[in-house]
Student: 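One structure, as structure tokens, below. Some questions next.
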Amino acid sequence: MQTFLPSRCLRPFVRHYWLSHNSPATTHCILPDGSIDLVVQWNGSEVASWLFGTSTEATDISLGTGNHYLGIRFRPGQARHFIDVGAHTLTDNAEEASPLLRFSLEPLWDALDGGLHGKMLDGMLQQHLHRASPAEKPIDAVVDWIERSRGSVSIAEAAGMYGKSRRQLERDFLDLVGVSPKLFASIVRFEQVTQQLRQPQLALARIALNCGFTDQSHMTNEFRRLAGCTPKQYRQQHVAFFQDGADASAQNDSFHQ
């Protein structure tokens, strides 16, 4: 899988674009990341588009062998500028995208086999935001704070920062992000662990300490709940993926310069 950064003006809303061309795989495991993905699937005769909400546990999805996949991974809470549905209705779920989008994907259909996918997606999203300017919400600051704190936060403190009750924070968070603030903080910390597992010289006990867990056992229990395996098993299973990820990072650096 290749990943590409969007143009700088879109980065507050989009984490990255991704492309899987002529995929030989029959399944793909989705891990919790707090994001909504817009996915376009095509082959020689058919095109389809889907919105995948954030997942709350590791989930296998079926792939069409030899199909191509192009995706937009929105930042947590930011898909709202581009879709007409609450994030919570997509959690652990996927829906046909076109009826739920605030912009048309039709300009993309005839250009899918021509390359330059990042520039095409940039153009479509920028045109949409030009027509409908995005408005910030107070919940954005809470999402940003949890991410910058690497998930090591108190929900009571988050509610205080939000200036509303814990219950109101949880309702608004579910509507815009798709999961509770407590689960989102766990997902942020889980992602920190998966990043550090890419460094084989780091011992698991050190990773647990770096990511704010009380000990390695605490990290293992939390990790297993979201990934369906232990950190040790995950590291063993994803060595090839990590190597591919390093290649993708190099491509990211060269895109949009």
Student: Enumerate, atom names and distances included, each donor-acceptor pair closer than 3.5 Å involving a side-chain atom of residues 169-176, sequence neighbours excluded.
Tutor:
residue, atom, partner, partner atom, Å
R171, NH2, Q168, OE1, 2.8
D172, OD1, Q168, NE2, 2.9
D172, OD2, Y162, OH, 2.6
D172, OD2, Q168, NE2, 3.3
D175, OD1, H88, ND1, 3.4

Student: Output yes when a side-chain donor or acceptor of H68 lies under 3.5 Å from a complementary backbone atom of N22, and no otherwise.
Tutor: yes
Student: If you measure from CD on Q2 to OG on S20, what distance do you get to the nearest 0.5 Å?
Tutor: 9.0 Å
Student: Check this for me, if you would: do R80 and D140 make a salt bridge, where the nitrogen-to-carboxylate-oxygen distance has to be below 4.0 angstrom?
Tutor: yes
Student: Please lay out, stage by stage, how T230 and L204 fare under the test side chain to side chain contact (heavy atoms under 4.5 Å, CB included).
Tutor: CA-CA 11 Å; T230 67; L204 296 181; over 6 Å; no
Student: Could you measure the distance from the OG atom of S154 to the CD1 atom of I146? Nearest 0.5 Å is fine.
Tutor: 10.0 Å
Student: Report yes if some heavy atom in the side chain of D37 is under 4.5 Å from a heavy atom in the side chain of W50; otherwise report no.
Tutor: no
Student: If we only count heavy atoms from C-beta on, is the L121 to F4 side-chain gap below 4.5 Å?
Tutor: no
Student: Run the side chain to side chain contact (heavy atoms under 4.5 Å, CB included) test on L63 and T26 for me, step by step, so that the C-alpha distance in whole Å, both residues' side-chain angles and the decisive distance to 0.1 Å come before the verdict.
Tutor: CA-CA 5 Å; L63 301 178; T26 57; 5.7 Å; no
Student: Could you tell me whether a side-chain N or O of D92 sits under 3.5 Å from a main-chain N or O of T56, the two making a donor and an acceptor?
Tutor: yes
Student: Please indicate whether R167 has more than 12 foreign heavy atoms, meaning atoms of other residues, nucleotides or ligands, lying under 6.0 Å from its CZ.
Tutor: no
Student: Determine, step by step, whether W109 and V40 satisfy the side chain to side chain contact (heavy atoms under 4.5 Å, CB included) criterion, reporting the C-alpha distance in whole Å, the side-chain angles of both residues, the deciding distance to 0.1 Å, and the verdict.
Tutor: CA-CA 9 Å; W109 298 154; V40 176; 3.7 Å; yes
Student: Quick check on side chain to side chain contact (heavy atoms under 4.5 Å, CB included): which of L10, L5, T3 does Y17 satisfy it with?
Tutor: L10
Student: Could you label the plane-to-plane angle of the F103 and F82 rings as parallel, tilted or perpendicular, counting under 30° as parallel and over 60° as perpendicular?
Tutor: perpendicular
Student: How far does CD of Q196 sit from CZ of R206, to the nearest 0.5 angstrom?
Tutor: 9.5 Å
Student: When rounded to the nearest 0.5 angstrom, what is the spacing between CG in L226 and CD1 in I187?
Tutor: 6.0 Å
Student: Is the gap between the ring centers of H81 and F13 under 6.0 Å?
Tutor: yes
Student: Could you measure the distance from the CG atom of D144 to the CD1 atom of I139? Nearest 0.5 Å is fine.
Tutor: 12.0 Å
Student: Quick one: does P76's side chain get under 4.5 Å of E147's, heavy atoms only?
Tutor: yes
Student: Can you tell me if R75 uses its side chain to pair, donor with acceptor, with the backbone of R11 under 3.5 Å?
Tutor: yes
Student: Would a 4.5 Å heavy-atom cut-off, applied to side chains only, mark T220 and P231 as touching?
Tutor: yes
Student: Heavy-atom distance under 4.5 Å between the side chains of E95 and T89, does that happen here?
Tutor: no
Student: Please give me the minimum heavy-atom distance between C229 and Y234, naming the atom from each residue.
Tutor: SG-CB, 3.8 Å
Student: Taking all non-hydrogen atoms of both residues, which atom of R150 and which atom of V188 are closest, and how far apart?
Tutor: C-CG1, 3.6 Å
Student: Does D84 reach the side chain of L100, with side-chain heavy atoms less than 4.5 Å apart?
Tutor: no
Student: Do V193 and L209 sit in the same hydrophobic cluster, where Ile, Leu, Val, Met, Phe, Trp and Tyr count as joined when their side-chain heavy atoms come under 4.5 Å apart?
Tutor: no
Student: With side chain to side chain contact (heavy atoms under 4.5 Å, CB included) as the test, would you mind laying out the steps for V47 and L105 before giving the verdict?
Tutor: CA-CA 11 Å; V47 179; L105 289 172; over 6 Å; no
Student: Please examine the side chains of F223 and I207, heavy atoms only from C-beta on, and report whether any two atoms are closer than 4.5 Å.
Tutor: no
Student: Donor-acceptor pair, R225 side chain versus E57 backbone, under 3.5 Å?
Tutor: no
Student: Classify the ring geometry of W42 against H21: parallel below 30°, tilted from 30° to 60°, perpendicular beyond 60°.
Tutor: perpendicular
Student: Rounded to the nearest 0.5 Å, how far does CH2 of W18 lie from CD1 of I72?
Tutor: 10.5 Å
Student: Does some side-chain heavy atom of N221 sit less than 4.5 Å from a side-chain heavy atom of H218?
Tutor: no
Student: If we count only N and O atoms by modelled type, under 3.5 Å, do the side chains of T27 and D60 hold a donor and an acceptor together?
Tutor: no
Student: Would you find a donor on one side and an acceptor on the other, under 3.5 Å apart, between the side chain of R189 and the backbone of G212?
Tutor: yes
Student: Indicate yes or no for a side-chain donor-acceptor contact from T54 to the backbone of P32 under 3.5 Å, with no hydrogens or angles considered.
Tutor: no
